[in-house]
Amino acid sequence: LQLVESGGGLVQPEGSLRLSCTASGATLGDSAIGWFRQAPGKEREPVSCISDRGRTQNYMNSVKGRFTISMNAALDTIYLQMTRLNAEDTAVYSCAADWDPFEGSCSFGEGWYETWGQGTQVTVSS
């Protein structure tokens with residue numbers, strides 16, 4: 001099983017991007033998916049997560065109100081819609097899957113996630 005992120009790129013401050021996370025060989029409906037990011041010289045940090053079937057969404061305070069995590073109807077893609085981006089959002093964004101989550105919940109703890117994608121670069125700059 002592999003996770004693949006897409007949608008990163010260069011965007012101006014106050015711009016928007018939508019990241020996608022898909023799994024090869026699996027659907028994501030029964031899993032919890034987390035988005036994490038790592039900026040240059042910093043440790044990886046959680047951004048947002050979504051529980052199985054998309055029932056619960058959690059956000060770090062730094063992105064609350066600007067980012068939206070969602071799952072498509074086919075339950076095979078997780079999106080991270082990012083708006084009002086600023087330079088502090090510049091990082092490599094990775095999605096991760098917890099294949100056996102507690103029903104209806106998701107965690108920001110990296111240890112819960114078994115499979116990680118390679119990441120996609122998001123650069124916010126004018």
Side-chain angles (χ1 to χ4, degrees):
L1 292 174
Q2 285 185 317
L3 295 178
V4 179
E5 304 93 341
S6 62
L10 173 65
V11 63
Q12 292 187 341
E14 296 299 311
S16 300
L17 280 176
R18 188 177 76 164
L19 306 183
S20 300
C21 174
T22 59
S24 61
T27 59
L28 300 175
D30 293 327
S31 64
I33 300 295
W35 279 101
F36 296 80
R37 68 185 181 185
Q38 187 166 21
K42 295 186 178 180
E43 292 190 357
R44 185 163 57 192
E45 63 176 6
V47 175
S48 180
C49 67
I50 189 166
S51 72
D52 57 304
R53 308 286 164 173
R55 287 181 280 186
T56 301
Q57 304 88 41
N58 293 325
Y59 302 92
M60 294 296 285
N61 286 338
S62 57
V63 306
K64 199 172 292 184
R66 300 188 298 123
F67 291 11
T68 303
I69 192 169
S70 61
M71 183 181 291
N72 70 344
L75 306 181
D76 61 5
T77 303
I78 304 297
Y79 300 106
L80 185 68
Q81 178 70 49
M82 308 186 294
T83 65
R84 290 186 283 136
L85 287 160
N86 57 62
E88 286 70 41
D89 297 315
T90 294
V92 175
Y93 285 71
S94 301
C95 63
D98 174 359
W99 300 110
D100 188 24
F102 291 108
E103 192 173 307
S105 69
C106 65
S107 171
F108 286 147
E110 292 188 17
W112 291 101
Y113 296 91
E114 297 96 352
T115 303
W116 291 76
Q118 291 292 326
T120 185
Q121 176 70 47
V122 172
T123 302
V124 184
S125 175
S126 56

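Numbers here simply count residues along the sequence, with the first being 1.
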Sequence neighbours excluded, which residues qualify as side-chain hydrogen bond (donor to acceptor under 3.5 Å, both in side chains) partners of Lys64? Asn61
May I ask you to decide whether Glu103 forms a salt bridge with Arg53, counting only side-chain N to carboxylate O separations under 4.0 Å? no
Mark yes or no for whether Arg84, through its side chain, and Gly65, through its backbone, hold a donor-acceptor pair below 3.5 Å. yes
So do the side chains of Thr83 and Ser16 get within less than 4.5 Å of each other, counting heavy atoms only? yes
Please walk me through it: do Thr56 and Ser105 pass side chain to side chain contact (heavy atoms under 4.5 Å, CB included)? CA-CA 6 Å; Thr56 301; Ser105 69; 5.8 Å; no
Just to verify, what does Glu45 make a side-chain hydrogen bond (donor to acceptor under 3.5 Å, both in side chains) with, not counting sequence neighbours? Arg37
Taking transitive links into account, so neighbours of neighbours count too, which hydrophobic residues share a cluster with Met60 at under 4.5 Å side-chain distance? Phe108
Do the side chain of Asp76 and the main chain of Thr27 share a donor and acceptor less than 3.5 angstrom apart? no
Does any non-hydrogen side-chain atom of Ser62 lie less than 4.5 Å from one of Glu88? no
How long is the straight-line distance from OG of Ser94 back to CZ of Arg44, given to the nearest 0.5 Å? 6.0 Å
Supply the members, apart from Leu3, of the Ile/Leu/Val/Met/Phe/Trp/Tyr cluster built from side-chain contacts under 4.5 Å; use none for a lone residue. Leu1, Val11, Leu17, Leu19, Leu28, Ile33, Trp35, Val47, Ile50, Tyr59, Val63, Phe67, Ile69, Met71, Leu75, Ile78, Leu80, Met82, Leu85, Tyr93, Trp99, Val122, Val124
Can you tell me how far apart OG (Ser31) and CG (Asp98) are? Round to the nearest 0.5 Å. 7.5 Å
Would you call the rings of Tyr113 and Phe36 parallel, tilted or perpendicular if under 30° counts as parallel and over 60° as perpendicular? perpendicular
Gly109 to Ser107 - nearest heavy-atom pair and separation: N-OG, 2.9 Å
Is there a donor-acceptor contact under 3.5 Å from the side chain of Asp52 to the main chain of Gly104? yes
Within the 3.5 Å criterion, strictly below it, is a donor on Gln121 or Thr123 matched to an acceptor on the partner's side chain? yes
Sorted by chain and residue number, the side-chain hydrogen bond (donor to acceptor under 3.5 Å, both in side chains) partners of Glu114 (sequence neighbours excluded) come out as none
Rounded at 0.5 Å granularity, tell me how far CD in Glu5 sits from SG in Cys95. 4.0 Å
Could you tell me which residues satisfy side-chain contact (heavy atoms from CB on, under 4.5 Å) with Arg18, sequence neighbours excluded, listed by chain and number? Tyr79, Gln81
May I ask you to decide if Thr22's main-chain N or O and Thr77's side chain share a donor-acceptor pair within less than 3.5 Å? no
Which distance, rounded to the nearest 0.5 Å, do you find between the CD of Gln2 and the OG of Ser24? 4.5 Å
